[in-house]
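Quick notes on the structure that follows.
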Amino acid sequence: MFEQQVALFTIFGGTGDLAKRKLYPSLFRLYRKGHLQEHFAIIGTARREWTDDYYREIVAESLTSLTPTEEELADFTSHFYYQSHNVNDTDHYIHLKKLATELDERYQLKGNRIFYLAMAPNFFGTIVNHLESEKIITESGYNRVIIEKPFGTDYASAEKLNEEIRAVFAEDQIFRIDHYLGKEMIQNISAVRFGNNIFESLWNNRYIENIQVTLAEDLGVEERGGYYDQSGALKDMVQNHILQVVALLAMEVPNLFSEKSIREEKIKALNAIRLYDEEEANRCFVRGQYTAGNVGTQSYKGYLEEENVETQSRTETFVAGKFLIDNFRWQGVPFYVRTGKQMTTKAARINVVFKPTPVNIFRDEVTCVKNNQLPQNVLTIYIQPTEGFSLTLNGKEIGPGFDINPVKLDYRNTTEMVENSPEAYEKLLLDALNGDATNFTHWDEVAQSWRIVDVIRAAWDQNTDPIPTYAAGTMGPKEAFDLIEKDGHEWVWRPDDWYRENNLLS
Ligand code: NAD
């Protein structure tokens, strides 16, 4: 049995989508595993007038897929309390404080408090100010605040938001969620790199030709059109998830696998990413917007037909680009990234492409075909939906001749293991309970990521060329392929080829 955690959670936005889809199921898993037992309580707050009983029913409903027993359900949900609360109304915090104090006594919570801000960021400043002014922050235990993305919409707004939060909480009390960092294989990047000498010794510009990071979604904006149209793929995905993955791939070896050392190295890696001028940004980054398309018999509408999207919108639903890292280790190695909505399939993976052998000694001397190069070794890290990694190596084909063919060493966690592995939010909540911020983003990382992205955004805002388009179901606009091909490389992962070969995609 694990050490039992002792804490009061206050969830601002307790009736929201995130709370229902992610937070309640994750808290339940922590309960089932014994991390949360008697000494925990949860206050859900939002504007609606709900009773505790009704709130508990909603929490219970959110757990259906986890098939809890009657007994588990009754015990777990009995720790949930609802407080109708408008975050802008100072009087409401008085009730919140009273309830928090009562629950602290009833469950002996030692003054340990976690405030989860599952609400739009424009409310964060007022919430944290009230937590301090109304003395909901305790003096006896720990006080931590968990914040959802997006953290600002550019460097200036992120800095303002950060100042508001820092006026009340110290950096080590702030847990900025990037749920990608809770994923098993993202955490495994460090294990693969630093636990295997064969990789870490080759992890540099002498042996690696390029690195490719793809985070593809196969859905459109669905009901989030209003939010997305203001944001776009660059701010929604590149500023946070993609740059975090790039930092983990590019960072130097930390002295120790500890929060402090990893953060220091990630920040150094982000600081070494080249800040583009306008010309470089336009050359190294391309955007795209999906138009209507078909995959098999399924038809998808275009972005401009989506609900709550401006009919003339220039918001990008796809980004592909190249980051360059100006340090000894990575000089000359492009880090290609791409992400988008309504792509061929939903998946996240990293391809590390090693340089070809200096000479192909198996080449056909008679014909001496130009570019007669052996296939390059590729290390692929699968993040989702499967988790694992593979390595392609060249071997001799069985038979009389001497034909070299790539073979793939493949290690994927079984579906059963993936299903049983803790969800990202579960891991992150447990980390926050333990006060471990390794898998959260430090302000310095957020700030540098915005600086990197802001220059690209500014270049695009100056550029009035039509936005390239891609049909729903494809892997992005032609420009995304040109971007990498003009460097003499190609995207390793091309799921759309299979769909085309099978006449499922035109
Ligand atoms: P939501 O709109 O479903 O929920 C917002 C919550 O805030 C609701 O409970 C609502 O009642 C409450 N609220 C709004 N105004 C209020 C006020 N004045 N006083 C008190 N409560 C008020 O949003 P969501 O999808 O749960 O997202 C919450 C946050 O998490 C957002 O910042 C979002 O960007 C972020 N996020 C959500 C997801 C997701 O999967 N839903 C994923 C990543 C990040």
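Residue indices begin at 1 and follow the sequence shown. Computed from a predicted model, the values in this text were never measured in an experiment. One-based numbering, in listed order, for ligands and for the atoms of each. Scope of the values below: all heavy atoms of this structure, side chains included, with no hydrogens, waters or symmetry mates.
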Establish, from distance only, whether the side-chain atoms of R113 and T138 form a donor-acceptor pair under 3.5 Å.
no
Is atom 23 (O) of ligand 1 close to the protein, meaning a heavy atom under 4.0 Å from it?
no
In ligand 1, which numbered atoms sit nearer than 4.0 Å to a non-hydrogen atom of P150?
34 (O)
Do any nitrogen or oxygen atoms of G16 lie less than 3.5 angstrom from nitrogen or oxygen atoms of ligand 1?
yes
Residues Y82 and D53: side-chain donor-acceptor under 3.5 angstrom:
no
Can you check which of M119, K20, H85 brings a heavy atom nearest to atom 31 (C) of ligand 1?
M119
The answer for which part of E148 has a heavy atom under 4.0 Å from ligand 1 is side chain
Pair H79 + F40: ring centers closer than 6.0 Å
yes
From atom 19 (N) of ligand 1, work out which of V87, L117, N240 has a heavy atom at the shortest distance.
V87
Cut-off 3.5 Å, side chains only: do D436 and T438 have a donor facing an acceptor?
yes
For atom 18 (N) of ligand 1, closest protein heavy-atom neighbour:
N86 OD1, 3.1 Å
With heavy-atom distances below 4.0 Å as the criterion, list the atoms of ligand 1 near A46.
9 (O), 11 (O), 21 (N)
Contact list for residues 295-316, test side chain to side chain donor-acceptor pair (under 3.5 Å), sequence neighbours left out
D229-Y303, D229-S313, D229-T315, Y290-E306, N294-S299, S313-T315, E316-R457
Closest protein heavy atom to atom 12 (C) of ligand 1, given as residue, atom name and distance to 0.1 Å
G13 CA, 4.1 Å
Any donor-acceptor pair under 3.5 Å linking the side-chain atoms of T344 with those of D496?
no
Atom 2 (O) of ligand 1 within contact range, any protein heavy atom under 4.0 Å
no
Quick one: nearest non-hydrogen protein atom to atom 37 (C) of ligand 1, plus distance?
L18 CD1, 3.8 Å
Whether the Q244 and E445 side chains hold a donor-acceptor pair (N or O, under 3.5 Å, no angle test) is what I'd like checked.
yes
Compute whether any side-chain donor of one residue and acceptor of the other, for R338 and T214, lie under 3.5 angstrom apart.
yes
For ligand 1 and D17, I'd like to know whether there is a polar contact (N/O to N/O, distance under 3.5 Å).
yes
Can you check whether T15 has an N/O within less than 3.5 Å of an N/O in ligand 1?
yes
How far is atom 28 (C) of ligand 1 from the closest protein heavy atom, and which atom is that?
A118 O, 3.2 Å
Going by the closest heavy atom to atom 35 (C) of ligand 1, which one wins out of R21, K22, K149, R47?
K149
Are F80 and Y24 an aromatic pair by the rule of ring centers under 6.0 Å?
yes
T101-D104 side chain donor-acceptor pair, cut-off 3.5 Å:
no
Distance under 4.0 Å to a non-hydrogen atom of F123: what atoms of ligand 1 satisfy this?
15 (N), 18 (N)
Measuring from non-hydrogen atoms of Y227 to any atom of ligand 1, is the shortest distance under 4.0 Å?
no
Could you tell me which residues satisfy salt bridge (charged side-chain N to carboxylate O under 4.0 Å, His left out) with E57, sequence neighbours excluded, listed by chain and number?
none
